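Let me begin by handing over the structure; questions about it come next.
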Amino acid sequence: MVRMARFLAPAFAVFLIAGLHAVRADPAQRPVVVELYTSQGCSSCPPADVLLGRLAQRPGVIAISLPITYWDMLGWKDTLASEANTRRQKAYAAAMGHGGVYTPQIIVDGVTDVVGSRAGAVEAAIAERRAELVQSQAMAAQGEMARVRVEIDAERPAEVARGVPAAMPVAVMSPAPPVPAGDPIVPVSLRETPQDMRIDIGAVPGAQNATVWMFHLRSTVSVNIPSGENAGRTVTYRNVAGDPRAVGVYRGKALSLTLPKAGNAPHDGVAVIVQQGGYGHVLGAALLSRPDYYAER
């Protein structure tokens, strides 16, 4: 049974023609972000936790576990949960127009939510999002080619067609109608040194007012649950996030952020997500894994 709760809602490869440059990211290289909202106190969650573990091993997917706090009242306090994760899930519900939150819930790329234990539905949502990214990038490339051709022809001296009087110059190509495109693909790269974390985000026209989120992740945590709905079970969680933090705002121009290390916070990976508004569609993401950085705690 899906466990539900109510709450009050508030609120391009580089393309070069005649010196004109447009950056187009490869949709095959842009990972799809899968967020699982889960709880050690929810008997419906372990199958979703197993599925998330499989997705975490898949190229082209960034899978994150976000344990929430509101099922602590059922008899077991989740040892990995954070209020920050709970607030993030509730913000998604408000943004998506849902009346409440539930576990296990998977949110795919900030676009759609799926019951986290329904593997077929989750796989379909990931495949659909990947197809959307490929299609939107193809349309963006088509529109860029039309724009570049117009700009080149506009700068070219008027030519005289064969057999046409010199007083009748050949007309310059008219601008092509705009080509509809979906979400832009924003390139994100990460580099961690002993002193700090460097985030580089490429310039992409059309990307506006996006939030840059950073997640410190623990790649593998096994928990023995002695009481509550999952009493007697040992559950293994993958890419566990405890502190999603907004670290910047992206407005379509190239952006570089240098952030201090996370002190002694246990983590062996970092994910960065560029997300429309704050809880809208994901525009870009990257994962940096360092399995030897911290021992499991």
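Remember, predicted model here, so these are calculated numbers, not experimental data.
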(Q) For L288, is there any backbone N or O sitting under 3.5 Å from a side-chain donor or acceptor partner on E192? (A) no
Hey, can you pull the donor-acceptor pairs under 3.5 Å for the side chains in residues 59-67, sequence neighbours left out?
unit_1: S65; atom_1: OG; unit_2: R238; atom_2: O; d: 2.8

Q. How many angstroms lie between atom CG of L36 and atom OH of Y237, to the nearest 0.5 angstrom?
A. 9.5 Å
Q.
When you compare the side chain of I107 with that of Y37, does any pair of heavy atoms fall below 4.5 Å?
A. yes
Q: Mark yes or no for whether E229, through its side chain, and S43, through its backbone, hold a donor-acceptor pair below 3.5 Å.
A: yes
Q) Would you call L259 and V247 a side-chain contact if the rule is heavy atoms closer than 4.5 Å? A) yes
Q | L55-V50 co-clustered via ILVMFWY side chain contacts under 4.5 Å | A | no
Q: Could you tell me whether the side chain of L283 reaches within less than 4.5 Å of the side chain of I185, counting heavy atoms only?
A: no
Q. Given side chains that start at C-beta, do those of L217 and L287 come closer than 4.5 Å, heavy atoms only?
A. yes
Q: Output the distance between atom CD (Q105) and atom OH (Y92), rounded to the nearest 0.5 Å.
A: 9.5 Å
Q: Could you tell me whether a side-chain N or O of N230 sits under 3.5 Å from a main-chain N or O of I225, the two making a donor and an acceptor?
A: no
(Q) Going by salt bridge (Lys or Arg N to Asp or Glu O under 4.0 Å), name the residues that satisfy it together with R58, two or more places apart in sequence or in a different chain. (A) E123
Q. Is there a chain of hydrophobic side chains (I, L, V, M, F, W, Y, each step under 4.5 Å between heavy atoms) that links V111 to I126?
A. no
Q. If you look only at pairs with a residue in residues 35-54, which of them pass as a salt bridge (Lys or Arg N to Asp or Glu O under 4.0 Å), with sequence neighbours excluded?
A. E35-R88
Q | Pair listing, salt bridge (Lys or Arg N to Asp or Glu O under 4.0 Å) test, anchored in residues 93-116, at least two apart | A | R30-D109, D109-R129
Q | side-chain contact (heavy atoms from CB on, under 4.5 Å) between V34 and I106, intermediate numbers included | A | CA-CA 7 Å; V34 177; I106 277 180; 3.6 Å; yes
Q. Would a distance-only check, ignoring hydrogens and angles, find a side-chain to backbone donor-acceptor pair under 3.5 Å from S39 to G41?
A. yes
Q. Got a sec, which residues hit side-chain contact (heavy atoms from CB on, under 4.5 Å) with S227, two or more places apart in sequence or on another chain?
A. W76
Q. Is there side-chain contact between V115 and V2, with heavy atoms separated by less than 4.5 Å?
A. yes
Q.
Holding to side-chain hydrogen bond (donor to acceptor under 3.5 Å, both in side chains), I want the full list of residues that pass it with T69, two or more places apart in sequence or in another chain.
A. E83, T86
Q: Report yes if the side chains of N239 and S219 come closer than 4.5 Å at any heavy-atom pair, otherwise no.
A: yes
**Q.** Contact summary for P46 and V235, nearest pair of heavy atoms
**A.** CG-CG2, 4.5 Å
Q) Can you tell if the side chain of R218 reaches within under 4.5 Å of the side chain of L80, non-hydrogen atoms only? A) yes
Q: Please list, chain by chain and in numerical order, all residues satisfying side-chain contact (heavy atoms from CB on, under 4.5 Å) with V249, sequence neighbours excluded.
A: R251
(Q) Taking side-chain contact (heavy atoms from CB on, under 4.5 Å) as the definition, give me every residue that meets it alongside A84, ordered by chain and number, with sequence neighbours left out. (A) S82, R87, P244
Q. Ring pair (Phe, Tyr, Trp, His ring centres under 6.0 Å): which pairs involve residues 192-214, sequence neighbours left out?
A. W213-Y279
Q. Is there a side-chain contact between V204 and Y250, using heavy atoms and a 4.5 Å cut-off?
A. yes
Q: Compute whether any side-chain donor of one residue and acceptor of the other, for Q89 and Y70, lie under 3.5 angstrom apart.
A: yes
(Q) I'd like to check the side-chain contact (heavy atoms from CB on, under 4.5 Å) partners of R198; sequence neighbours left out, ordered by chain and number. (A) R191, D200, S256, T258
Q. Got a sec, which residues hit salt bridge (Lys or Arg N to Asp or Glu O under 4.0 Å) with K253, two or more places apart in sequence or on another chain?
A. none
(Q) For D72, give me all partners under salt bridge (Lys or Arg N to Asp or Glu O under 4.0 Å), at least two apart in sequence or on another chain. (A) K77
Q: Indicate whether the side chain of S222 and that of T236 have a donor and an acceptor atom separated by less than 3.5 Å.
A: yes
